[in-house]
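To start, the structure itself, in structure tokens.
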Amino acid sequence: MSALVDRLVARILSLDVNLLACQARLAAATDAEALHDLRVGVRRLRSLLRPLRGLPGVEQLEQAGAQVGRVTTPIRDREVLAAYLHQHGQHAAGDRRTVLLAQEYPAVAAGPELARLAMVLDAFPRFLRAAQRQELLGGLRPRIEKRLGKQWQALGQALEDPAHDRHRLRLLIKRVRYAAESYPELDRLPGPAIKRLKAAQAALGDWHDCWQWLAQAEQQPDLLPCVATWRRTMLKAEARADRMLDKLYGDCFGH
């Protein structure tokens, strides 16, 4: 038990350092990956916390992470779209969004959401150590293993549904993948699982981008020149995602 708690504290501290580094990168606008890296770090944190629900401090930390996610989601979406537009010669439309990003990055870095997350995250290792001293962490390993097993089972059931919802599958795949990476010593996934999860997540991500951009094009006329391409690309991404999902199911859930 002590070793598991030690590893949890070490991972929390690593995520804390990463958060502060991403915050500094955003404030200084040093590179184009700072926001993405911040969001990945928050996603990994939430995956680490999900099996710990009920322990002191977890709810507050989850809420702080969720708020950062909500604030940064539209900015990340704009960032991805701007990069696409520039790559495909739609520079005027890309520039309109890039100008907004230059204002949004420092606002996120200095915003109350990130400040609260940093504060709660910094205090969380002390909560864990206090819970350990008070012997509140009994059964921690089976609790985490049970939660990971339930997430894997939910993904398998969703894949079995012939009318599966790609949005929900994308979320479930992210949860399973990042949870497995958060608790590698408790990983009981089949051998090819991580590889298949990554491939399915990437394909679903391509599909989701097109789906989202087509919805935006209904309200943003400067995106209309891209609509025909996005419709074709979305159909291809759907087919590729379905192939990746079939491989995931066949290699990891097939009987």
Side-chain angles (χ1 to χ4, degrees), residues 31-40 42-44 47 69 72-98 100-101 151-152 154-181 189-254:
D31 61 275
E33 294 298 315
L35 184 69
H36 173 64
D37 290 348
L38 170 69
R39 286 173 54 79
V40 170
V42 171
R43 194 176 298 124
R44 292 186 187 282
S47 295
T72 57
T73 290
I75 303 172
R76 174 58 181 167
D77 291 342
R78 188 157 33 252
E79 184 179 62
V80 173
L81 176 55
Y84 175 95
L85 292 169
H86 283 301
Q87 289 167 5
H88 291 80
Q90 300 292 329
H91 297 296
D95 286 341
R96 279 191 282 274
R97 289 158 180 83
T98 302
L100 290 174
L101 293 171
Q151 291 182 172
W152 182 248
L155 175 58
Q157 291 172 346
L159 288 168
E160 286 179 350
D161 184 356
H164 56 244
D165 181 339
R166 290 188 183 89
H167 293 286
R168 180 167 181 263
L169 276 174
R170 182 167 167 263
L171 174 61
L172 290 173
I173 285 170
K174 284 184 177 182
R175 283 183 178 176
V176 167
R177 177 191 163 191
Y178 287 118
E181 293 175 352
L189 299 184
I194 294 297
K195 177 182 177 182
R196 295 301 184 208
L197 288 167
K198 287 181 178 178
Q201 182 180 333
L204 286 168
D206 291 341
W207 165 80
H208 182 264
D209 284 344
C210 291
W211 175 86
Q212 185 170 251
W213 295 340
L214 285 168
Q216 291 182 36
E218 296 177 3
Q219 306 295 328
Q220 301 174 32
D222 63 347
L223 299 179
L224 292 177
C226 302
V227 164
T229 298
W230 288 342
R231 284 176 178 159
R232 291 193 301 270
T233 304
M234 187 172 75
L235 290 175
K236 292 178 181 177
E238 281 181 359
R240 187 170 68 257
D242 287 344
R243 290 195 301 272
M244 294 300 101
L245 293 171
D246 285 344
K247 287 182 179 179
L248 171 61
Y249 183 77
D251 287 351
C252 300
F253 295 94

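- When every heavy atom of Thr98 is checked against every heavy atom of Ala82, the shortest pair comes out as OG1-CB, 3.9 Å.
- Listed here is the closest heavy atom pair of Leu197 and Ile173: O-CG2, 3.5 Å.
- In this structure, a donor-acceptor pair under 3.5 Å is present between the side chains of Gln201 and Arg177.
- Looking at heavy atoms from C-beta onward, Leu101 lies in side-chain contact with Arg78 at the 4.5 angstrom threshold.
- Taken from CG in Leu81 to CZ in Arg76, the straight-line distance is 11.5 Å, to the nearest 0.5 Å.
- Under the 3.5 Å distance criterion, the side-chain polar atoms of Arg168 are left unmatched by any main-chain donor or acceptor of His164.
- Residues Ile75 and Glu79 form no side-chain contact, since every pair of their non-hydrogen atoms from C-beta on lies 4.5 Å or further apart.
- A distance of 4.5 Å separates CZ in Arg43 from OH in Tyr178, rounded to the nearest 0.5 Å.
- Comment: Arg97 engages Asp222 in a salt bridge, judged by a side-chain N to carboxylate O separation of less than 4.0 angstrom.
- Using a 4.5 Å cut-off on side-chain heavy atoms (C-beta onward), Leu223 and Leu85 make contact.
- Residues Asp246 and Leu159 form no side-chain contact, since every pair of their non-hydrogen atoms from C-beta on lies 4.5 Å or further apart.
- Closest approach of Gly156 and Phe253 over heavy atoms only: CA-CE2, 3.4 Å.
- For the pair His88 (side chain) and Tyr84 (backbone), a donor-acceptor distance under 3.5 Å is present.
- Between atom CG of residue Asp206 and atom CH2 of residue Trp211 there is a gap of 15.5 Å, rounded to the nearest 0.5 Å.
- Considering only heavy atoms from C-beta on, His86 comes within 4.5 Å of Asp95 through its side chain.
- No salt bridge links Lys195 with Asp251; every basic N to acidic carboxylate O contact stays at or beyond 4.0 Å.
- Closest non-hydrogen pair, Leu248 versus Ala200, comes out as CD2-CB, 4.5 Å.
- Atom CD of residue Gln90 and atom CZ of residue Arg96 lie 9.5 Å apart, to the nearest 0.5 angstrom.
- Here the closest heavy-atom approach between residue Gly205 and residue Arg170 is recorded as CA-NE, 4.0 Å.
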Run the side chain to side chain contact (heavy atoms under 4.5 Å, CB included) test on Trp213 and Val227 for me, step by step, so that the C-alpha distance in whole Å, both residues' side-chain angles and the decisive distance to 0.1 Å come before the verdict. CA-CA 8 Å; Trp213 295 340; Val227 164; over 6 Å; no
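- Contact check for Ser47 versus Arg175: no side-chain heavy atoms found under the 4.5 Å cut-off.
- Listed here is the closest heavy atom pair of Met244 and Ala199: SD-CB, 3.7 Å.
- Considering only heavy atoms from C-beta on, Glu238 comes within 4.5 Å of Arg166 through its side chain.
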Apply the test side chain to side chain contact (heavy atoms under 4.5 Å, CB included) to residues Gln212 and Asp77: give CA-CA distance (whole Å), side-chain angles for both, the deciding distance (0.1 Å), then the verdict. CA-CA 9 Å; Gln212 185 170 251; Asp77 291 342; 3.1 Å; yes
Could you walk me through whether Leu245 and Leu204 satisfy the side chain to side chain contact (heavy atoms under 4.5 Å, CB included) test, starting with their C-alpha distance in whole Å, then the side-chain angles of each, then the deciding distance to 0.1 Å, before giving a yes or no? CA-CA 9 Å; Leu245 293 171; Leu204 286 168; 4.2 Å; yes
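- A distance below 6.0 Å separates the ring centres of Trp207 and His167.
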Output, in order, the C-alpha distance, side-chain angles, deciding distance and verdict of side chain to side chain donor-acceptor pair (under 3.5 Å) for Arg39 and Thr73. CA-CA 8 Å; Arg39 286 173 54 79; Thr73 290; 3.1 Å; yes
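- In this structure, the side chains of Val176 and Leu189 come closer than 4.5 Å at one or more pairs of heavy atoms.
- Summarising the geometry, atom CD belonging to Glu160 is positioned 7.0 Å from atom CD belonging to Gln157; distances are rounded to the nearest 0.5 Å.
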CA sep, side-chain torsions, deciding dist, call: Leu155, Leu169, side chain to side chain contact (heavy atoms under 4.5 Å, CB included): CA-CA 7 Å; Leu155 175 58; Leu169 276 174; 3.9 Å; yes
